[in-house]
Amino acid sequence: MTLKRFEALNWASSFLSKHGRDANIGEILLCHRLGLTRTELLVDIRESLKKEDEIWFKDGVIQHVKTGEPVQYMTGTETFYGRTFHVSPAVLIPRPETEELIEWVKNWANLYFPHKKELSVCDIGTGSGAIAITLALEKPEWHVSTVDLSADAIKVAKDNAKNLHATVDFYEGSFLQPLIDHHKKVDILVSNPPYISKEGMQSLQDVVKDHEPHLALSGGEDGLDAYRCILKEVRQIMKDQLLIGFEIGYDQGEAIQNLIKQTFDQQIEALKVMKDINGNDRVALAFVRSV
Ligand code: GLN
């Protein structure tokens, strides 16, 4: 006799809670295994599992408790902006907060480029490609290029672009260098670079610190190194005007505004820090001119 879905889920949630893990992980794993949405899983909650699914499920829950590996790396997927992205330990797991960056960039692009449809966009440090691919799909008339230092991350991102039928140009390299080398000029620059400070890295949750790539998290002593590198070179890739959209750390709003002011001074037309749903600084937006 195999377990029914609800019996397996009850076992998983009490086992997970007992070991201090998120009790919902059972549901996520079982949905993934059976290829069902949460609603589909729950509608037929009394259905018996196949033996091989039950074994896979129990092993998965036990493995998660043992290793603390994020469930997204176990299933190899995460949803971002309503689409399923493939993820591996080579890339940061896309976060819901980053969806807010997409919203703001779409908004400001409408506001500051009201008559220009074919905009050229770059995403610096793309990881899974979540930002670049989402923008390419949301705005099919935009030309999206993206850069990452990690060849393994680019493989994941290319795979996602292919599966989701998005057209994005990929460059391997450091910050803006590949774009400079290819004489690329853009209207919009977006980035969710590594921004955790040295101190912040020490207090990260284990599930993040032990499993996600530090290359995508650690932003040097004060967490701002990546922004400095990008802003140092940004004039070389901008057209007459540039919209910048950065994801930033919860307390970095003022510091980022200062860095942007140091770079563009009188040429800033708009500069704002937006808070996320938790009331933390999350997105910095700027619209600047080259002269
Ligand atoms: N938001 C991520 C975290 O808190 C950090 C992402 C980043 O450094 N870009 O884990």
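One-based numbering, in listed order, for ligands and for the atoms of each.
With a 4.5 Å cut-off on side-chain heavy atoms, Glu40 and Asp44 do not count as touching.
Met274 contributes atom CE, which lies 5.0 Å from atom CG of Leu285 (distance to the nearest 0.5 angstrom).
No salt bridge links Asp240 with Arg289; every basic N to acidic carboxylate O contact stays at or beyond 4.0 Å. Here Lys4 does not pair with Glu7 in a salt bridge; the nearest charged N to carboxylate O distance is not below 4.0 Å. A salt bridge between Arg83 and Glu138 is present, with a side-chain N of the basic residue lying under 4.0 Å from a carboxylate O of the acidic one. No salt bridge links Lys66 with Asp59; every basic N to acidic carboxylate O contact stays at or beyond 4.0 Å.
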Identify all pairs of nitrogen or oxygen atoms, one from ligand 1 and one from the protein, separated by less than 3.5 Å, and list them with distances.
residue: ligand 1; atom: 1 (N); partner: Tyr195; partner atom: OH; Å: 3.1
residue: ligand 1; atom: 8 (O); partner: Tyr195; partner atom: N; Å: 3.1
residue: ligand 1; atom: 8 (O); partner: Ala216; partner atom: O; Å: 3.4
residue: ligand 1; atom: 9 (N); partner: Asn192; partner atom: OD1; Å: 2.8
residue: ligand 1; atom: 9 (N); partner: Pro193; partner atom: O; Å: 2.6
residue: ligand 1; atom: 10 (O); partner: Arg95; partner atom: NH2; Å: 2.8

